[in-house]
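A quick write-up on the structure given underneath.
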Amino acid sequence: DEGDDDDDDDYEGDGDDESVPSPDDETLETTSSDHNNKDDQQTVVHSESDPVLNNSNSNNNSNNPNDKFCVIHVGPHKTGSTSLQDFILEAPASKSALAKDHYWVPHFPEGIGQAVHEPGKNHAIFANCVRSSGSRNFCPTGRVRDQNLIYFRTFVKDAASTGSNIVLSSEEFDAMDVDVHELTSFFTQHHYKVHIVLYYRRFYDWVISWYNQLTKTGWNNGYIPFEQWCNMATLERYKKEHSIATYKHYMNGANGGGVFNVSVVNMHEDPDHYNSDMRFACDHLDNAPHSCELAKSKVSSHNNGSVDLTWKMFRHKLKNHHSIHLSQSDERWVQIETKFNQMTDFPLLCLPNNVQDRMLAISLEAEITLTPEWWYNSKEGLEHLKADFAEKIKSKFCTMDFATVLRSPEWQNFLTGLQ
């Protein structure tokens with residue numbers, strides 16, 4: 001898969017260790033670069049900056065060298081944000097490069113949990129503080145909100161007084177109740193140009209990435225199979241959280257809401273050489289040559305190992321189909337796992353046709369909305385999307401038919417023998 005997330009076949013877990021927000025009640029429901037702006041003209045652009053395609057470097061977003069920028073990376077979730085935040089917010093070399101590029105990076109003093117103690121998650125505090133409703137996990141009280149906003153107003157004023165740029169990064173900015181007017185008001189009063197950067201991952205890959213994350217981290221503690229979890233209601237709910245929704249939310253901000261520029265990073269351009277840090281620093285971090293050079297020198301890495309969710313689900317389902325009693329540490333699990341890994345041909349349960357059709361329709365809509373015409377009309381665009389979807393919908397997006405496998409004479413006899 002493209003990007004930092006690492007999803008192998010058979011539901012191997014995601015390589016992206018972003019924090020997982022508490023799902024709404026329906027989460028597990030089973031029933032239903034181009035940045036060549038002209039002076040002060042506001043623009044909304046797509047990423048067209050892949051070096052293989054010989055597009056122009058977009059690190060000069062203005063003809064005016066005195067322009068000040070606030071670049072805000074807004075995620076969304078499950079698009080490799082953790083790797084980018086490690087680069088922007090944690091690495092000492094990055095801090096030095098950003099300073100040379102005249103970028104200031106805030107550190108919010110008040111909050112809870114990992115957002116205070118982990119620099120890479122710190123900006124989630126501010127993102128939660130500018131939500132008009134909904135969850136404020138990292139900015140839970142009025143006092144915390146007031147303290148952070150007072151701090152940030154002073155921070156922006158001080159940065160502006162030195163002519164410095166500002167960079168923020170949090171996937172928490174993808175929430176639909178982030179108040180774009182309040183967010184941008186901190187900057188526009190000091191004549192900053194607000195540049196929103198979001199990443200695009202194809203909807204069908206992104207949805208199963210969410211399922212893997214929910215299952216791996218325990219939200220799907222009943223191990224509901226993907227073909228049951230992913231129904232029509234689930235697709236509509238997750239469409240509202242995908243890059244397409246984030247894009248439209250900030251596009252509204254670009255129409256009178258204080259946003260100067262909205263950029264989309266297409267994670268599917270040249271996937272063999274994809275580097276999230278380089279794409280951000282070189283193509284979307286305005287006037288930042290030192291950060292760009294540093295990002296080019298880095299080797300992309302995955303943040304988290306894969307977990308074979310098919311085996312985890314098999315273990316969970318086994319007790320429903322045989323009387324054998326096994327503790328979590330029972331040595332017989334080794335024998336069972338060995339036999340499990342030897343299976344090469346087993347029945348699958350796949351998504352119903354209407355769900356498949358809707359998943360593809362949303363994926364096509366997102367591709368057309370979030371990528372430029374030259375891209376989606378190329379072989380790498382809609383043509384590749386349809387072929388990739390057709391392959392995965394009959395394999396990766398299907399679940400082992402655990403009941404049929406475990407009820408088979410072969411497995412029944414094997415488990416009885418272990419008793």
Side-chain angles (χ1 to χ4, degrees), residues 1-9 11-21 33 46-50 73-85 169-175 196-214 216 226 230 234-235 237-250 262-280 283-284 300 302-304 306 359-372 375-376 380-382 384-389 391-393 396-397:
D1 273 1
E2 296 82 357
D4 284 343
D5 296 347
D6 183 18
D7 291 327
D8 296 326
D9 287 343
Y11 298 138
E12 291 209 347
D14 233 282
D16 189 54
D17 63 352
E18 300 165 355
S19 60
V20 180
S33 294
H46 297 287
S47 170
E48 300 184 18
S49 54
D50 193 288
H73 163 243
V74 298
H77 284 80
K78 306 310 300 166
T79 56
S81 298
T82 299
S83 172
L84 183 59
Q85 287 154 4
S169 175
S170 176
E171 59 272 33
E172 292 292 319
F173 284 114
D174 70 358
I196 302 296
V197 180
L198 64 99
Y199 281 62
Y200 163 57
R201 186 179 187 184
R202 284 173 175 158
F203 180 74
Y204 58 90
D205 278 334
W206 181 81
V207 165
I208 197 167
S209 176
W210 259 118
Y211 170 82
N212 289 343
Q213 187 80 350
L214 291 168
K216 183 176 67 172
F226 181 69
C230 187
T234 300
L235 292 179
R237 183 223 163 177
Y238 276 88
K239 181 184 177 183
K240 296 176 182 178
E241 301 181 15
H242 184 249
S243 301
I244 190 172
T246 308
Y247 175 74
K248 291 178 179 179
H249 183 59
Y250 284 99
V262 177
S263 299
V264 177
V265 179
N266 182 357
M267 298 173 69
H268 304 276
E269 290 183 27
D270 191 29
D272 292 337
H273 302 94
Y274 178 81
N275 182 320
S276 176
D277 301 341
M278 186 176 71
R279 291 292 297 276
F280 180 80
D283 301 338
H284 302 288
S300 294
H302 300 300
N303 290 319
N304 201 1
S306 294
M359 180 183 285
L360 178 59
I362 296 173
S363 300
L364 294 172
E365 178 189 352
E367 188 92 355
I368 292 170
T369 301
L370 298 173
T371 66
W375 165 264
Y376 65 72
E380 291 81 10
L382 296 178
H384 178 269
L385 184 156
K386 292 175 183 177
D388 187 52
F389 180 84
E391 177 185 347
K392 289 177 178 176
I393 203 68
K396 183 176 181 178
F397 294 175

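In this text the structure is predicted, and so the values were computed from the model without any measurement. FYI, the numbering just counts along the sequence from 1.
Side-chain atoms of L385 and L364, non-hydrogen and from C-beta on, do get closer than 4.5 Å to each other.
K248 meets the salt bridge (Lys or Arg N to Asp or Glu O under 4.0 Å) test with E365; sequence neighbours excluded. Every residue was checked against the ring-ring contact (aromatic ring centres under 6.0 Å, His included) condition with H249, not counting sequence neighbours, and none meets it. With sequence neighbours left out, Y376 forms a ring-ring contact (aromatic ring centres under 6.0 Å, His included) with no residue at all. For E391, there are no salt bridge (Lys or Arg N to Asp or Glu O under 4.0 Å) partners at least two apart in sequence or on another chain. Judged as a salt bridge (Lys or Arg N to Asp or Glu O under 4.0 Å), and not counting sequence neighbours, the contacts of E367 are R202. Scored by the side chain to side chain contact (heavy atoms under 4.5 Å, CB included) test, A366 finds Y200, H242, I244, L370 as partners (sequence neighbours excluded).
Y204 contributes no side-chain N or O that, together with a main-chain N or O of K392, makes up a donor-acceptor pair within less than 3.5 Å. Of the possible polar contacts, none joining the S263 side chain to the V197 backbone as a donor-acceptor pair under 3.5 Å is found. In terms of modelled atom types and a separation under 3.5 Å, the side chain of R201 and the main chain of K78 share a donor-acceptor contact.
One finds the CZ atom of F203 at 8.0 Å from the NZ atom of K239 (value rounded to the nearest 0.5 Å).
Test D174, L84, V264 against Y199 for side-chain contact (heavy atoms from CB on, under 4.5 Å) and you get one pass: L84.
The aromatic rings of W210 and H77 are tilted relative to each other, their planes meeting at an angle between 30° and 60°.
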